[in-house]
2 protein chains.
Amino acid sequence: MTRRKRPTMIDVAEHAGVALRTVSRVVNNDPTVGTVFANRVQAAITALGYTPDERARHLRGGRSGLVGAAVRNLSAGHPVLGALDTTARAHGLTVLATATADEEDREREVVLSMCGRHLDGIVLEPVGDSHQYLSREIDAGTPIVAFDRPAGGITVDTVISDNAAGIGTAFRHLRGHGHRRVAYIGDEERIFTGHERAAAFRACMAASGEPVTGLVHPGVVAPARIAAALDAALRGPDPATAVITGNASTTLEVLRHLGSAAADLAIVGFDDFAVADLLRPAITVVAQDSDTIGRTAIDLLRHRIADHTRPVQTVTVSVELIVRGSGERPPHSGA
Amino acid sequence: MTRRKRPTMIDVAEHAGVALRTVSRVVNNDPTVGTVFANRVQAAITALGYTPDERARHLRGGRSGLVGAAVRNLSAGHPVLGALDTTARAHGLTVLATATADEEDREREVVLSMCGRHLDGIVLEPVGDSHQYLSREIDAGTPIVAFDRPAGGITVDTVISDNAAGIGTAFRHLRGHGHRRVAYIGDEERIFTGHERAAAFRACMAASGEPVTGLVHPGVVAPARIAAALDAALRGPDPATAVITGNASTTLEVLRHLGSAAADLAIVGFDDFAVADLLRPAITVVAQDSDTIGRTAIDLLRHRIADHTRPVQTVTVSVELIVRGSGERPPHSGA
DNA sequence: GTGAAAGCGCTAACAT
DNA sequence: ATGTTAGCGCTTTCAC
């Protein structure tokens with residue numbers, strides 16, 4: 001394996017017997033090059049196996065065609081990421097995704113690294129509540145879009161789901177099926193969506209005149225915590241007959257903990273998941289519109305790239321109730 | 001929004017009243033800078049809000065700390081990607097993931113783009129069977145590792161699961177539970193894993209003296225195709241009493257198509273999936289060891305980065321049978 | 001239509 | 001311990 005040095009534009013120029021500038025023109029499809037020279041250069045390029053160095057090209061100026069996506073998790077599957085990728089591709093952009101691992105420090109690290117690399121723009125699923133470290137980059141003109149939750153302390157284009165409407169829909173659905181005692185189990189309230197959904201739930205209960213004592217359980221998504229929350233909600237003289245889960249992992253944990261007892265409870269989950277239709281009963285969910293979220297994020301980014309001075313905007317994407325069975329069961333007479 | 005020009009090292013040097021080189025030293029934590037100057041430079045850096053330009057830094061030489069990951073799909077969730085990311089981080093590397101969308105052209109495009117950007121290395125989940133377009137890059141010294149399937153036409157470090165052993169395990173498991181007529185439904189054979197698994201299945205049947213007529217169904221993962229395959233396997237005078245599915249999506253499609261009839265069939269799926277334990281019956285699977293695959297891929301990459309001349313190796317990672325119920329049912333007396 | 005020269009922002013030899 | 005001088009590989013004024 002002869003570790004050949006990678007040929008540069010100069011090598012190509014020499015090989016073709018032309019000036020450096022001419023090679024550059026050919027590489028960039030400049031129409032002002034004569035056919036003769038163009039062919040000669042092309043021949044040299046293929047002969048030497050030349051590939052342009054994107055770093056240098058980009059350093060000198062111009063766009064890289066790259067947008068960074070800093071998302072919480074890469075392994076669990078991320079429908080929005082797929083939509084980001086598809087939309088970006090449609091506009092000649094390539095998405096480079098990296099994980100923030102739900103850690104603020106890590107987010108800072110990877111996002112600043114992306115800024116330092118001067119990508120065309122960055123799509124961010126914010127972690128934590130302060131993103132002031134980005135204010136300088138924003139001033140310097142780096143286009144940034146937040147999705148799923150707002151970035152704190154900075155003003156950037158944002159795409160979020162209509163969490164309150166989703167909870168409202170789930171709640172009214174269960175009420176419509178006769179449930180009076182509805183419990184909510186979801187994410188920690190320090191997480192934006194966790195707070196929004198819990199708050200919306202409390203508002204729904206208040207509006208319907210129900211006391212919420214023992215029914216609202218935000219917290220970490222961990223088997224023990226969720227088991228405890230569920231037990232609390234189903235215990236006592238006036239137990240819950242239905243539960244709204246605040247995200248997909250919570251839905252799954254609730255189902256795991258309930259086991260066959262799941263048949264006694266009406267369940268509506270926030271967030272759709274791959275096999276919700278295969279479970280028995282199939283799970284009724286409030287589904288986020290990941291395609292629209294991803295598409296909108298890229299669109300906002302593209303518009304900001306084109307015009308740094310346009311007003312910052314926040315887009316709220318509506319959610320949809322998908323009826324599958326688990327949310328349509330009548331209240332079960334306890335014991 | 002005053003679109004300030006981004007300050008450069010020269011600006012910092014002027015502001016601090018020192019030479020460019022001194023700023024560079026401070027930025028790179030060179031211990032040979034005097035405390036007085038170091039502080040002065042630091043002050044200038046924060047005052048101006050200077051951030052180094054990674055492109056230029058990288059262009060001049062040295063590592064970028066970036067490894068590219070070209071995977072089939074970003075949205076569906078990719079356990080290996082998580083492991084890649086975790087392992088990479090542990091070694092101070094950042095993974096930039098991008099989707100090939102299962103298209104050869106797209107793969108070529110993104111991988112060559114990564115090469116052009118001179119990342120420290122590339123982890124690739126190959127699509128299609130010719131990857132010769134990479135031979136030049138490999139000669140030039142770009143470290144590349146393939147996982148899940150081998151890259152065709154080039155010799156690179158590779159990590160794959162022991163597909164044949166997995167099928168063998170699944171097959172013997174079903175035989176052990178009394179099944180004689182076992183069907184296989186999986187991916188197209190033009191896909192490496194599809195071919196390996198189908199071939200292993202045929203070998204198993206042959207070794208056990210069973211005819212395979214009507215029992216082996218490789219093909220695209222589409223509802224209609226899978227429904228047809230299933231019907232074919234369960235029809236006739238001597239129908240299958242058990243089925244091995246070649247990948248997770250196929251398993252799900254089979255379950256969807258069977259509906260409640262799934263109770264009459266023993267099922268072992270290749271690939272574990274998120275809620276296999278929540279289905280009734282819970283699904284017995286042959287699980288790939290994604291953590292080991294991801295970790296090994298990064299390790300191979302790191303070793304190759306450190307030594308371009310080391311012999312190329314292929315690592316086979318073993319798979320594991322996870323018994324959950326669907327694979328332990330006895331043959332159902334047809335009709 | 002083509003070529004010479006300057007410089008993008010940084011690091012690495014060499015002084016000093 | 002700090003400053004000077006070259007470039008990395010490319011694009012881009014400007015002349016020819």
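Heavy-atom basis, side chains included; hydrogens, waters and symmetry copies ignored. Quick note on labels: first sequence line is chain A, next is B, and so on, each numbered from 1.
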Next item on the list: Return the value, rounded to whole Å, for the distance between atom CZ of A:R40 and atom C1' of C:dG1.
Entry: 13 Å

Next item on the list: Check the pair B:T193 / B:D148 against side chain to side chain contact (heavy atoms under 4.5 Å, CB included), numbers first and verdict last.
Entry: CA-CA 8 Å; B:T193 50; B:D148 198 49; 4.2 Å; yes

Next item on the list: Take B:V18 and B:L59, find for each the nucleotide of DNA chain D with the closest heavy atom, and name the residue whose nucleotide sits nearer the 5' end.
Entry: B:V18

Next item on the list: Show the numbers, then the answer: is there a side chain to side chain donor-acceptor pair (under 3.5 Å) between A:T142 and B:R6?
Entry: CA-CA 10 Å; A:T142 307; B:R6 201 179 284 272; 3.0 Å; yes

Next item on the list: Provide, to the nearest angstrom, the distance between the NE2 atom belonging to B:H58 and the P atom belonging to D:dG9.
Entry: 12 Å

Checklist line | Out of D:dT4, D:dG9, C:dG9, whichever nucleotide has its closest atom nearest the side chain of B:A19 | finding: D:dT4

Notebook entry, point to check: Quick one: do the B:Y133 and B:E107 side chains pair a donor with an acceptor below 3.5 Å?
Noted result: yes

Item checked: Gap between atoms CE and P, on A:M9 and D:dC8 respectively (whole Å) -> 15 Å

Checklist line | Derivation of the salt bridge (Lys or Arg N to Asp or Glu O under 4.0 Å) call for A:R108 and A:D105 | finding: CA-CA 5 Å; A:R108 225 184 85 102; A:D105 291 351; 6.0 Å; no

Note to self: What is the separation between atom CG on A:L48 and atom C1' on D:dG9, rounded to the nearest whole Å?
What the structure shows: 15 Å

Check: Which is true for B:V33 with a 4.0 Å heavy-atom rule: it touches a base, it touches only sugar-phosphate, or it touches nothing?
Finding: sugar-phosphate

Notebook entry, point to check: Considering heavy-atom distances to DNA chain C, does B:R57 or A:L20 have its closest nucleotide positioned more toward the 5' end?
Noted result: A:L20

Checklist line | Whole-Å distance separating the CZ atom of A:R63 from the P atom of D:dT12 | finding: 13 Å

Note to self: Tell me whether the side-chain N/O atoms of B:T32 come closer than 4.0 Å to OP1 or OP2 in D:dT2.
What the structure shows: no

Check: So does B:R60 reach the base of D:dG7 with its side chain, donor to acceptor, closer than 3.5 Å?
Finding: yes

Margin query: Need to verify one output field. Residue with the more 5' nearest nucleotide on DNA chain C, B:R25 or B:E54?
Written below: B:E54

Note to self: Distance check needed: D:dC10 P versus A:H118 NE2, whole Å only.
What the structure shows: 19 Å

Checklist line | Length of the line joining B:R117:CZ and D:dC10:P, which is rounded to integer Å | finding: 13 Å

Next item on the list: Quickly work out the B:I10 CD1 to C:dA6 C1' distance and round it to whole Å.
Entry: 13 Å

Check: Reckon A:S24 has a side-chain N or O less than 4.0 Å from the OP1 or OP2 of D:dT11?
Finding: yes

Check: Got a second to check how far B:I305's CD1 is from B:L119's CG, nearest 0.5 Å?
Finding: 10.0 Å

Next item on the list: Under 4.0 Å between any heavy atoms, over every strand shown, what does B:R55 touch: base, sugar-phosphate, or nothing? Just pick one.
Entry: nothing

Checklist line | Most 5' of B:G17 and A:Y50 on DNA chain D, judged by nearest nucleotide | finding: B:G17

Note to self: Under 4.0 Å, counting only non-hydrogen atoms across every strand here, what does A:R21 touch: a base, just sugar-phosphate, or nothing?
What the structure shows: base

